[in-house]
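We're numbering straight along the sequence, starting at 1.
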Amino acid sequence: QVELVESGGGLVQAGGSLRLSCVASGRGFSEAAMGWFRQTPEQEREFVAGIDRSGGTFYSASVKGRFAISRDNAKNTVSLQMNSLRPDDTAVYYCAQTRRTAYFATMHYLEDQRSYVAWGQGTQVTVSS
């Protein structure tokens with residue numbers, strides 16, 4: 001049984017930065033890919049960033065160049081550094097863990113929510129203009 005707990009959300013002005021963290025309990029973290037998703041009341045949950053077992057990173061077009069995902073297998077932690085935040089980044093952010101997967105993943109695999117078997121409870125990020 002995997003449990004994911006996010007932290008680091010909050011209120012920030014446009015142009016500012018936040019760092020989200022997600023700690024995974026249970027087994028299998030180092031054998032899984034990890035992803036960050038976000039959701040607003042008006043939109044369905046969408047892919048933000050993913051990282052595979054090799055450390056390869058993948059981003060949605062809307063955050064590429066502003067956000068950076070990283071992982072620390074020794075601490076069972078995945079992080080999302082968010083810079084140059086914009087009001088349209090406001091959302092609840094969720095981390096997610098895939099089942100055991102190949103060492104190298106694809107964008108198609110990481111952005112598909114069906115690849116993930118565990119989800120965190122979410123953390124609110126609000127960016128004011």
Side-chain angles (χ1 to χ4, degrees):
Q1 188 78 12
V2 175
E3 182 179 5
L4 304 175
V5 179
E6 302 101 336
S7 63
L11 173 64
V12 64
Q13 288 188 329
S17 298
L18 281 175
R19 185 176 181 86
L20 305 183
S21 293
C22 172
V23 179
S25 63
R27 303 174 65 181
F29 180 85
S30 63
E31 299 176 330
M34 300 296 296
W36 285 96
F37 291 77
R38 66 187 181 187
Q39 186 173 21
T40 68
E42 296 79 25
Q43 293 185 324
E44 294 183 352
R45 190 162 55 189
E46 65 173 2
F47 173 79
V48 174
I51 185 166
D52 66 15
R53 291 175 58 193
S54 76
T57 58
F58 303 79
Y59 300 95
S60 68
S62 62
V63 308
K64 193 170 186 178
R66 299 188 298 123
F67 290 12
I69 187 173
S70 59
R71 66 188 297 164
D72 184 339
N73 289 342
K75 297 181 179 179
N76 278 17
T77 299
V78 61
S79 299
L80 185 68
Q81 177 67 41
M82 305 186 295
N83 300 323
S84 301
L85 283 161
R86 310 184 306 217
D88 61 359
D89 293 317
T90 295
V92 177
Y93 283 71
Y94 298 89
C95 72
Q97 180 172 323
T98 69
R99 60 185 61 84
R100 181 180 180 181
T101 188
Y103 194 65
F104 297 103
T106 64
M107 178 69 166
H108 179 74
Y109 178 80
L110 290 173
E111 66 181 358
D112 187 344
Q113 296 183 43
R114 296 170 298 179
S115 301
Y116 298 86
V117 296
W119 294 82
Q121 82 288 351
T123 186
Q124 176 71 46
V125 171
T126 302
V127 184
S128 63
S129 58

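Contact between M82 and V125 at its shortest, heavy atoms only, is CE-CG2, 3.8 Å. Considering all non-hydrogen atoms of both residues, G122 and E6 come closest at N-OE1, 2.8 Å. Closest of all the heavy-atom pairs between R53 and A32 is CG-O, 3.6 Å.
For the pair R66 (side chain) and S84 (backbone), a donor-acceptor distance under 3.5 Å is present. Between the side chain of T123 and the backbone N or O of G9, at least one donor-acceptor pair lies under 3.5 Å. Although no hydrogens or angles enter the test, the distance criterion places a donor-acceptor pair under 3.5 Å between the side chain of T90 and the main chain of V127. Under a 3.5 Å cut-off, the side chain of E3 and the backbone N or O of G26 do not form any donor-acceptor pair.
In the hydrophobic clustering of this structure, L80 groups with F29; members are Ile, Leu, Val, Met, Phe, Trp, Tyr whose side-chain heavy atoms approach within less than 4.5 Å, directly or through other members. Side-chain heavy atoms closer than 4.5 Å link hydrophobic residues (I, L, V, M, F, W, Y) into clusters, and following such links, possibly through other members, connects I51 to Y59. Under the 4.5 Å side-chain contact rule for hydrophobic residues, Y116 and L4 do not share a cluster. Linking Ile, Leu, Val, Met, Phe, Trp and Tyr whenever their side-chain heavy atoms come within less than 4.5 Å leaves L110 and M34 in two separate clusters. Note: the hydrophobic cluster containing V12 also contains V63 (ILVMFWY, side chain heavy atoms under 4.5 Å, direct or indirect links).
Here S115 pairs with T98, Y109, D112 under the side chain to side chain contact (heavy atoms under 4.5 Å, CB included) rule; sequence neighbours left out. Under the rule for a side-chain hydrogen bond (donor to acceptor under 3.5 Å, both in side chains), E111 has no partner lying at least two apart in sequence or in another chain. Applying the salt bridge (charged side-chain N to carboxylate O under 4.0 Å, His left out) rule to D88 yields the partners R86; only residues at least two apart in sequence or on another chain are considered.
Residue pairs meeting the ring-ring contact (aromatic ring centres under 6.0 Å, His included) criterion with at least one member in residues 71-107, sequence neighbours excluded, do not occur. For residues 24-33, the set of pairs meeting the side-chain hydrogen bond (donor to acceptor under 3.5 Å, both in side chains) definition, not counting sequence neighbours, is empty. Within the structure, every pair that satisfies the disulfide (SG to SG under 2.5 Å) test and touches residues 43-129, not counting sequence neighbours, is listed here: C22-C95.
Looking at heavy atoms from C-beta onward, W36 lies in side-chain contact with L20 at the 4.5 angstrom threshold. Side-chain contact between I69 and Q81 is absent, with no heavy-atom pair separated by less than 4.5 Å.
In this structure, the separation between CZ on F67 and CG on L18 is 9.0 Å, given to the nearest 0.5 Å. To the nearest 0.5 Å, atom CG of residue D52 and atom CZ of residue R71 are 8.0 Å apart. With values rounded to the nearest 0.5 angstrom, Q113 atom CD is found 8.0 Å from E44 atom CD.
For the 3.5 Å distance criterion, the side chains of T77 and D72 fail to qualify, holding no donor opposite an acceptor.
Taking the six-membered ring for Trp, W119 and F37 have ring centres closer than 6.0 Å.
Atom CZ of R19 is surrounded by more than 12 heavy atoms from other residues, nucleotides or ligands within 6.0 Å.
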